[in-house]
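A short worksheet on the structure shown next.
Below, each value reflects all heavy atoms present in this structure, side chains not excepted, and no hydrogens, waters or symmetry copies.
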Amino acid sequence: MFLRRTILSTCVASALAACSGMAWAQQAKEVKLGYALAINSHYGAAAQAWSDSVEKATNNAFKFKQFPSSALGGERELIEGLQLGTVEAVIVSTGALSNFVPDVGVVDIPFLFRDTAHARAVLDGSFGQDLLGKFKARGLIALAWGEQGFRHLSNNKVAVSKPEDLKGLKIRVTENPVHITAFRTLGASPTPMAWPEVIGALQQGTIDGQENPISVFVSAKLWQVQKHLTLTSHVYAPMALIVSPGFWGSLNDAQKAAFTQGAKAGALASRKFVDEVEKKGVEEIKSHGVQVVTQVDRAAFQAALAPAYKQYASKFGQKTLDEISHAK
Ligand code: PAF
């Protein structure tokens, strides 16, 4: 009798365990996370830290599924995917973002930030946090600012060292009005193009160059398609960790906190990755035969951009530009 009871209760216990295992498997909500670059890039580092943090904090109530290397489309499609609810989470540059959240364009102004510390302080401070808050009205929930580094110019025609060298160069730019204005003002021929098309266009010679941080140049092995790189540091490039409003609305407060904390961990991981890649990236790029111009006359570029700065001031307000540039 005792034996029968023990066997019976063991059976019930195992059935319950199997059931709860199944329930766990069923309950783990899949979070599709899309981004443009490879898994071993600063994007991948952010994505991994974000997923690990959320999965741990929620006791695996969520399971991230990463879609690196533009597998879900270019950045514009990723952002639209969030609005449509076909993807739960993305990490994107500000390239296409200001078409959705126009106020974001202000961070894309050339030579606005003195250095990385300045940019991080502004984005982590009240200005950057308020900017994240502006995404909501545009159907997006932005949780943190990650980083790509400062953008530099590369091309196949000329070793650029002064603004005049840009004359007539066909430079791929992101679909970003602030960047387009800057390169047009400098005398280049800016060609807005989604990232997934860029390498092919450089190979075919339909464009001469592009501009991106060292982190992107290394991750995408742009030495295979570019001869010259100039360390212009013309624009600081953040990236945003964003979730879809529909998905956000389905979370309880504790889960929202886990996603926000996780996004912050992801942002930090991207900054750490960028710090590392910037230490040795230029040497690696040189080792692949790219001619690198390391010094440019920043003041000459700023002077050549004077007409563009007038447009930026009327679009974003001189007060805002001053507030950012004077921030410590
Ligand atoms: O140049 C761009 O479009 C972006 O910097 C990239 C490469 C997609 C990374 O976000």
Closest heavy-atom pair, Phe111 versus Ser233, reported as atoms and distance to 0.1 Å, is CE2-O, 3.9 Å

(Q) For a side chain to side chain contact (heavy atoms under 4.5 Å, CB included) check, start with the C-alpha distance between Ile39 and Gln66, then their side-chain angles and the critical distance, and finish with the verdict. (A) CA-CA 9 Å; Ile39 208 148; Gln66 295 188 32; 3.8 Å; yes

Q. Lys280 and Glu283: salt bridge (Lys or Arg N to Asp or Glu O under 4.0 Å), yes or no, with the steps?
A. CA-CA 6 Å; Lys280 40 188 193 313; Glu283 284 316 308; over 6 Å; no

Original post:
Side chains of Val106 and Phe127: closer than 4.5 Å at any heavy-atom pair?
Top reply: yes

For Ala240 and Leu97, the nearest pair of non-hydrogen atoms, with its separation, is CB-CD1, 3.9 Å

Strictly below 4.0 Å, N to O, side chains only: are Glu164 and Lys167 in salt-bridge contact?
no

For Leu251 and Lys256 the tightest heavy-atom approach is O-CE, 3.7 Å

Using side chain to side chain contact (heavy atoms under 4.5 Å, CB included), reason through Ser270 and Met239 one step at a time and then give a plain yes or no. CA-CA 9 Å; Ser270 70; Met239 60 192 200; 3.2 Å; yes

side-chain contact (heavy atoms from CB on, under 4.5 Å) test vs Ile91 passes for just one of Leu78, Leu241, Leu37, namely Leu241

| Using the benzene-type ring in the case of Trp, are the ring centres of Phe62 and Phe259 under 6.0 Å apart? | yes

I'd like to know if Asp208 and Lys170 make a salt bridge, using a cut-off of under 4.0 Å between side-chain N and carboxylate O. no

Review point. Phe217 and His288: aromatic ring centres closer than 6.0 Å?
Key: no

**Prompt:** Without hydrogens or angle criteria, can the side chains of Asp108 and Asn176 be said to hold a donor-acceptor pair below 3.5 Å?
**Reply:** yes

| request: Dump the intermediate steps for side chain to side chain contact (heavy atoms under 4.5 Å, CB included) on Ile141 and Leu132, then the final yes or no. | output: CA-CA 8 Å; Ile141 307 292; Leu132 289 178; over 6 Å; no

Residues Lys63, Glu30: salt bridge by 4.0 Å N-O rule = no

Review point. Is a side-chain donor-acceptor pair under 3.5 Å present for Ser51 with Lys65?
Key: no

Salt bridge or not between Asp275 and Lys272? Use side-chain N to carboxylate O under 4.0 Å.
no

Between His234 and Glu211, is there a side-chain donor-acceptor contact under 3.5 Å, judged purely by atom types and distance? yes

With sequence neighbours left out, the residues meeting side chain to side chain donor-acceptor pair (under 3.5 Å) with Lys136 are none

d(Leu112 CG, Tyr236 OH) to nearest 0.5 Å is 12.0 Å

Ignoring hydrogens and angles, write down the donor-acceptor pairs under 3.5 Å from the side chains of residues 69-77, residues two or more places apart or on other chains.
{"unit_1": "Ser70", "atom_1": "OG", "unit_2": "Ala36", "atom_2": "O", "d": "3.3"}
{"unit_1": "Glu75", "atom_1": "OE1", "unit_2": "Ser93", "atom_2": "N", "d": "3.4"}
{"unit_1": "Glu75", "atom_1": "OE1", "unit_2": "Ser93", "atom_2": "OG", "d": "2.5"}
{"unit_1": "Glu75", "atom_1": "OE2", "unit_2": "Ser93", "atom_2": "N", "d": "3.1"}
{"unit_1": "Arg76", "atom_1": "NE", "unit_2": "Glu175", "atom_2": "OE1", "d": "3.0"}
{"unit_1": "Glu77", "atom_1": "OE1", "unit_2": "Gly74", "atom_2": "N", "d": "2.6"}

Are Arg271 and Asp124 close enough for a salt bridge, meaning some N to O gap below 4.0 Å?
yes

- Item | Within-4.5 Å side-chain heavy-atom neighbours: Trp195 and Gln210 | yes

